[in-house]
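Chain A is the first sequence line, chain B the second, and so forth, proteins listed ahead of strands; every chain is numbered from 1. On a predicted model such as this, the values are computed, not experimentally measured, just so you know.
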There are 2 protein chains.
Amino acid sequence: MGRGKIAIQRIEKSTSRQVTFCKRRNGLVKKTRELSILCDAEVGLIVFSCTGRLYEYSNTR
Amino acid sequence: MGRGKIAIQRIEKSTSRQVTFCKRRNGLVKKTRELSILCDAEVGLIVFSCTGRLYEYSNTR
DNA sequence: ACGGCTATGTATAAAAG
DNA sequence: TCTTTTATACATAGCCG
């Protein structure tokens, strides 16, 4: 996706890594929520950034 | 995505829901792993299907 | 560094086998 | 019902301001 294809390996440039982290984390949460709703599943997602910050998502019943 | 647009709400037809669950769960795991590698983050994903089956993914350090 | 844009790659809904 | 195909929608990499 995007303007060019990227290899799946650690992004070395820290500013790029930070931007990608933010974008993909948002995308992942969205997909996780969609799976939960579409398929009536219970889900939990936990992400710790490399700087130690926590992000999480779960559906509640 | 796909041939038609779908609303984000529970898929009523159980066979369709099952197929979508399988495809989207695989996609979600892939995205989760990619985020972990690209952005050097620790991640955990847990999914319980509506039939009570457990699927999980986490990166190990 | 953030926020928006858009060309392009990827995921996937529906169909076909 | 499982797998494969294909057209289309969606996510996002690189840019620009």
**OP:** Report the distance from atom CD1 of B:Ile8 to atom P of C:dT12, rounded to the nearest whole Å.
**Re:** 11 Å
Subject >> Single-linkage hydrophobic cluster, 4.5 Å side-chain cutoff, A:Met1 and B:Met1 together >> reply: no
Original post:
Do the side-chain N or O atoms of A:Lys5 get closer than 4.0 angstrom to the phosphate oxygens (OP1, OP2) of D:dA13?
Top reply: no
Original post:
Quick one: do B:Val19 and B:Leu28 end up in the same hydrophobic cluster if we chain Ile, Leu, Val, Met, Phe, Trp and Tyr together by side-chain heavy atoms under 4.5 Å apart?
Top reply: no
Original post:
Should the heavy atoms of other residues, nucleotides or ligands under 6.0 Å from CZ of B:Phe48 be counted, would the total exceed 12?
Top reply: no
**OP:** Mind calculating the distance between CD1 (A:Ile6) and P (C:dT10) to the nearest angstrom?
**Re:** 9 Å
Original post:
B:Gly2 or A:Ser14: which one's nearest nucleotide on DNA chain C is closer to the 5' end?
Top reply: A:Ser14
Original post:
Are any non-hydrogen side-chain atoms of A:Ile6 and B:Leu38 less than 4.5 angstrom apart?
Top reply: yes
Subject >> A:Phe21 CZ to C:dA1 C1', straight-line distance once rounded to whole Å >> reply: 17 Å
Original post:
Below 3.5 Å, does any donor atom in the side chain of B:Arg3 face an acceptor in the base of C:dT12, or the other way round?
Top reply: no
Original post:
In whole Å, what is the span from the CZ atom of B:Arg24 to the P atom of C:dT12?
Top reply: 6 Å
Original post:
Atom CE of A:Met1 and atom P of D:dG14: how far apart are they, to the nearest Å?
Top reply: 12 Å
**OP:** Name the nucleic acid region contacted by B:Lys23, choosing base, sugar-phosphate or nothing; use a 4.0 angstrom heavy-atom cut-off, strictly under.
**Re:** base
Original post:
Once you round it to whole Å, what is the distance between P of C:dT10 and CG of B:Leu28?
Top reply: 18 Å
Original post:
To the nearest Å, how far apart are B:Gln18 CD and C:dA14 C1'?
Top reply: 17 Å
**OP:** Have a look at B:Thr20 and say if it touches a base, only the backbone sugar-phosphate, or nothing, with a 4.0 Å heavy-atom cut-off.
**Re:** sugar-phosphate
Subject >> Polar side-chain atom of B:Ser36 near backbone of B:Ala41 as donor-acceptor pair, under 3.5 Å >> reply: yes
Original post:
Whole-Å distance between C:dT10 P and A:Lys31 NZ?
Top reply: 13 Å
Original post:
At under 4.0 Å between heavy atoms, what does A:Thr15 touch on the DNA or RNA strands: base, sugar-phosphate, or nothing?
Top reply: sugar-phosphate
